[in-house]
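The sequence lines fix the lettering, A, B, ..., with proteins before strands; numbering per chain opens at 1.
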Amino acid sequence: MHLIEAQALNGLALGAVLSLVALGLTIVFGLLGFVNFAHGALFMVGAYAGWVVYSQTENFFLAMVAALVVTFIVGLVIERVLIRMYYRRPPEDQILVTYGLAIILVEIVRAIFTGVTRQMPTPAWAAGTVQLAGIFYPQYRLVLIVIAAVTLAILYVVLFRTRIGLIVRAGIDDALIVNILGVNVNRTFLLVFALGAAIAGFSGIVDAPLLAVNPDMGTDLLVQSFVVVVIGGVGSFFGAILGGLIAGEIISLTTAFAADYSSVALYAAMALVLIVRPQGLLGVEGRA
Amino acid sequence: MARARGAIVPLAMLVFLVAFPTLVGFAGGGVTLAARILVLGLFGLGVDLLFGFTGLLSFGQAAFYGTGGFVAGYLLIHHIVPSTILALAIGMLVAAVAGLVVGSLALRQVGVYFAMLTLAFSQLFYFLDNSPLRELTGGENGLPGVPRAEVFGIHFSSLQETYAFIAIVYFIGFVVMRRIVASPFGHVLRAILDNPIRAAAAGHDVYRYKLVAFTIAAAYAGLAGGLLGLFQGYLPPDMFTIDQSGQIIVMEVIGGPGTLVGPLIGATVWIYLSQVLQNIGAIGSLWKLVLGLVFVLLITGFRRGIAGGVSTFLQQWQRREPAPVPSE
Amino acid sequence: MPLLEARSLTKRFGGLVAVDGVSLSVEPLTVTALIGPNGAGKTTFFRMLAGEFEPTSGDVYFKGERITQLGVTRVAQLGIAKSFQVTQIFPKLSVAENALIPALAATRGPFKLDAFGAVSRSRDAHAIVERVLTQVGLSERRAARADDLSYGEKRRLELALALATEPEVLLLDEPSAGMSPEETRTIVDLLGTLRAGVTIVIVEHDMDVVFGLADRIVVLQDGRQIAEGTASEIRANKRVQDAYLGGVA
C-alpha cells in the first residue's frame, strides 16, 4: 500500500506552498501590523500573470518571473495609493480595506479574463512521473517542493543575513525602535508590502499547475494561510513553515483515510492549537 | 412624552415595511427582491450589534446564517416539526449555540486574530455542510422543497403573503434590537466598542459581554437563514461561504455601522447594483467591481456609511453648525 | 490589618527586571505616595496592584485575600480603581455616559444580561454619575462628547471614571500629568476632600503634591524600594536626595 506515502508527499507539496503563502502574510503582518486580506487575491493575480506569459512563450521560468514582477508592482501601487493611509487606523479598518481591495482585484481579473477556468499546463521538463520507492509520482510536485524550499531558503538569507532583514525583524518586534534608528520607514514599509505581494504572486504561479486558474482561486488559499499562521504562530519564520507542513499533511493524510473530513480536520486542528497554545506552536506569548 | 417619541421610529419602520414592495416596484424590482433585502437586513441587525455597537469584526457570520437556515429548512421539509414558528425558533437556537461555541474560542483573541478565526471557523462549517453532512444538507445541491409559512392556521402561501410574514419578523427583530442597544447591557457594549481597556478596568467582564453579543448576532443570522428558505423554497449551500460572510460585512459598512438600519440600506444598494447594473449590457458584469470601489472609498473617507452620513448631515442641518473635522 | 498589601512583587519582561521585590502595606484611609525617577517601575508596580499585570513573583492582598491572579475586572469589582497615566476615557460617549459606564459596573456587577432593561431605571447608577461629576466639576459639561473636552477636563473625567466604580482604594497614576499649576491645585483640593472616604495610593512627579498630601512616601529606583517614611523623613533621607530629589530641586 503506497497510497500513504504518496499522500504524505502530496502533503509536503501542499505544505510547501502553504508555508510560502503564509510567510508572505506573516512578514507583512509582522512589520506593518495588519493582515492583508488581499493576499489570496494577489496569489491569484500571480497565477494569471504567469499563465498569460506561459501561454505566449511556453517558458515556465519566464512565467515565474512575470508573476513575481507583476505582483511586486501591484504591491507597490497598492501600498502607495491606499495602504499607507491605513497604518494608523484601527485593525478593523485595515481588514476591511484589504478585503475591499481583494474584491477589486478579483473583479478586474474577471473583467479581463472572464470567469472561465484556465488550465496552467505543467512545464514540459517536469511533466512526467518519476518512480520513487516503488510508486509513480508526478514529477512536478517534487519540483514544487524544491522550488518552495529554495525560495524559503533565499527568504531566510534575506531576512536573517541582510540589513533590510534586520530592519524587518526589528520592525516585527517594535516598529518604534526602527523609527528611532532613523531608517527610512516609509520606504521599508513599501518594499516589505511589495515583497509580501510578490511572495503571494510567486506562490500563485508555482501552485497553478496543480490548481484550476480562475478569479476565485485565492479565497481558499487565503483562509488556509490564516490557519497556518494561527497554528505556527504569528511573526515566526519557522512557525510559518511548521504550520504550513502540518496543515499540508493534515489535509493530504485525512484525504487518504476519510476524504470527507480533510478540510474539517484542518480547522479542528486549528481550534485545538488555539485552545492548548493560543500564541501558536512557535509564536511568542503576548503578541497581538 | 418620551414614550411617544420612542414610538416614532418603530412606527416609521412599520410604514416603510408596508410601502417597501411598492417602492421596490417603482424601481423595477419585485416583491422577491424586497423580501430578499429584508432577510439580509435582519441578518445585518445582528452584524450591526456585533460590529457597529461592540466593534467586533466577524468574517464568519455565514456559518450561523447557514446553520439556522438548514436546521429550520430540514425540520420543515421532512415534517419533523409541524409549526413554521417552532422550526424557525429551533434553527435560531441551534445557530445561537453554534455562535456560543465559536465565539467562546474566537473571542480569546482580539482584532485581526479574531477576524481570522471567525473566517476559519466558518470554513469549518462550510466543509461540514458540504462533505460529512451532505446526506442531510444535500451537499452541493442544497435543500429544495421548503414549504411556505403557516402560523395558527394562517397560510402565507403567495409571495406577497410571504413578504408580509418576513416583514413582521423583521419588524419584531428590529424593535427587539432597538431595545437591546438602549439597555444597560447595550451601553456596556458601546463602551467596549469605544475603549475596551477602560471598560474592563471599570469592572465589566468584557469577554462575557462580547460572547453574548456574538451569540445574539448568531441567533439573528440563524433566524434570517430560516426566512430565506421560506421565501425561496430552497436553501443554497452558498449560504455558508466566505463570500456570504463578506457580503453582509460590506452591506453593514456601506449602509452605516451602529445605525441598525445600515445593513438594510447596504443590502438595498448591493441588490440594486447587482440587479440593475447587470441589465446594462456593457458594464453589466462590472457591478461587483463598482461595488468594491464604492466600498473602499467609503471605508477610506466616510467611515459611517450612508445612514451615518445622512444622520450626521441632519444633525448639522438642525444645529446649523459647521461640519466637525473627522477624527480619523 | 492593612487594606492593601504587596509582598515582594517582581515583574520581569524578558531579561529586563522592571520591578524587583517591592513590598507595600497600605492602611485604610491613608494617602501613600510612590515616587521615583522615570523608569523606576512605578507604573508597572501599579499595574500589578490593579490586576492589569500578573507579577512574575510575589503576591497582592486586599483585605487579607490574595488577589494576585484575579485580573483587572475582578480587582475593580472588589473595590480597587485605577486612574490611568495616559487618559483612558470613552471618546465617542458624552461625559455623563462616560461616568455611567463604571457606575453600571458598580451597581450591576461584572456581568448582567439586562438586555431589555431601561437605562433610565438604573437610579443608583445615575446617582453615582451626578455625584462624581459634581466632585470633579464636570456637571456643566455633562452633554459634551468626551473627545471635545480640553486636556484638563479629560484628566478630571479620567478621575471621575475611577471614582464612579465606588472604590475603597484609589490608585492614581500621575493625576496631574501635563496640567497647569492652577489645574493641579484643583486636583489636589479634590483629593484633599476625597481622602476622608477612600484610601489613596498615588504615583506623582510633582513634589508639592506629594508632600502636601501623603501620609507615607515610598521611593523606588531601578525597580527597587530605596526608602520609605513620612514626608519629613523622606526629605531628610540622604539616599533619596542623591538619587532623586537633588536632581529635581
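Of the listed residues (A:Pro91, A:Ala268, A:Ser263), the greatest number of heavy-atom pairs within a distance under 4.5 Å of chain B belongs to A:Ser263. Between chain B and the residues A:Met270, A:Gln94, A:Arg110, the most heavy-atom pairs under 4.5 angstrom are made by A:Met270. Taking chain B as the reference chain and counting heavy-atom pairs below 4.5 Å, the highest number among A:Ile104, A:Ile103, A:Leu101 is found for A:Ile104. Each of B:Leu128, B:Leu105, B:Leu124, B:Leu117 has some count of heavy-atom pairs under 4.5 Å with chain A, and the biggest count is that of B:Leu124. Residue with the most contacts toward chain A among B:Leu119, B:Leu298, B:Leu56, B:Thr300: B:Thr300 (heavy-atom pairs, distance under 4.5 Å). Chain A forms more heavy-atom pairs under 4.5 Å with one residue of B:Phe59, B:Phe51, B:Phe114 than with any other, namely B:Phe59.
Rounded to the nearest 0.5 Å, atoms CG (B:Leu40) and CH2 (B:Trp270) are 9.5 Å apart. The OG1 atom of B:Thr54 sits 8.5 Å away from atom CD1 of B:Ile216, with the distance rounded to the nearest 0.5 Å. Atom CG of A:Leu266 sits about 10.5 Å away from atom CD1 of A:Ile246, to the nearest 0.5 Å. Interatomic distance, NZ of B:Lys210 versus NE2 of B:His204, reported as 14.0 Å (0.5 Å rounding). The line from CE of A:Met44 to OG1 of A:Thr71 is 11.5 Å long, rounded to the nearest 0.5 Å.
Look at B:Arg134 and B:Asp129 and you find no salt bridge, because none of the NZ, NE, NH1 or NH2 atoms lies under 4.0 Å from a carboxylate O.
Side-chain atoms of A:Ser236 do not come within 3.5 Å of backbone N or O of A:Gly233 as any donor-acceptor pair. Between the side chain of B:Tyr65 and the main chain of B:Tyr220, no donor-acceptor pair closer than 3.5 Å is present.
Residues of residues 240-256 of chain B having a heavy atom under 4.5 Å from any heavy atom of chain A, listed by number: B:Ile242, B:Asp243, B:Gly246, B:Gln247, B:Ile249, B:Val250, B:Val253. Chain B is approached within less than 4.5 Å, heavy atom to heavy atom, by A:Leu82, A:Met85, A:Tyr86 from residues 77-86 of chain A, ordered by number.
Remark: aromatic rings of A:Phe189 and A:Tyr87 are close, center separation under 6.0 Å.
In this structure, the portions of A:Val97 lying under 4.5 Å from any heavy atom of chain B include both its backbone and its side chain.
The two residues A:Leu42 and A:Ala197 make their nearest non-hydrogen contact at CD1-CB, 3.7 Å. Residue B:Ile299 comes nearest to A:Arg89 through the heavy atom pair O-NH2, 2.6 Å, listed as atom of the first residue, atom of the second, then distance. Across all non-hydrogen atoms, the minimal contact from B:Val206 to B:Pro196 is CG2-O, 3.9 Å.
A donor atom on one side chain and an acceptor atom on the other are not found under 3.5 Å apart for A:Ser252 and A:Glu249.
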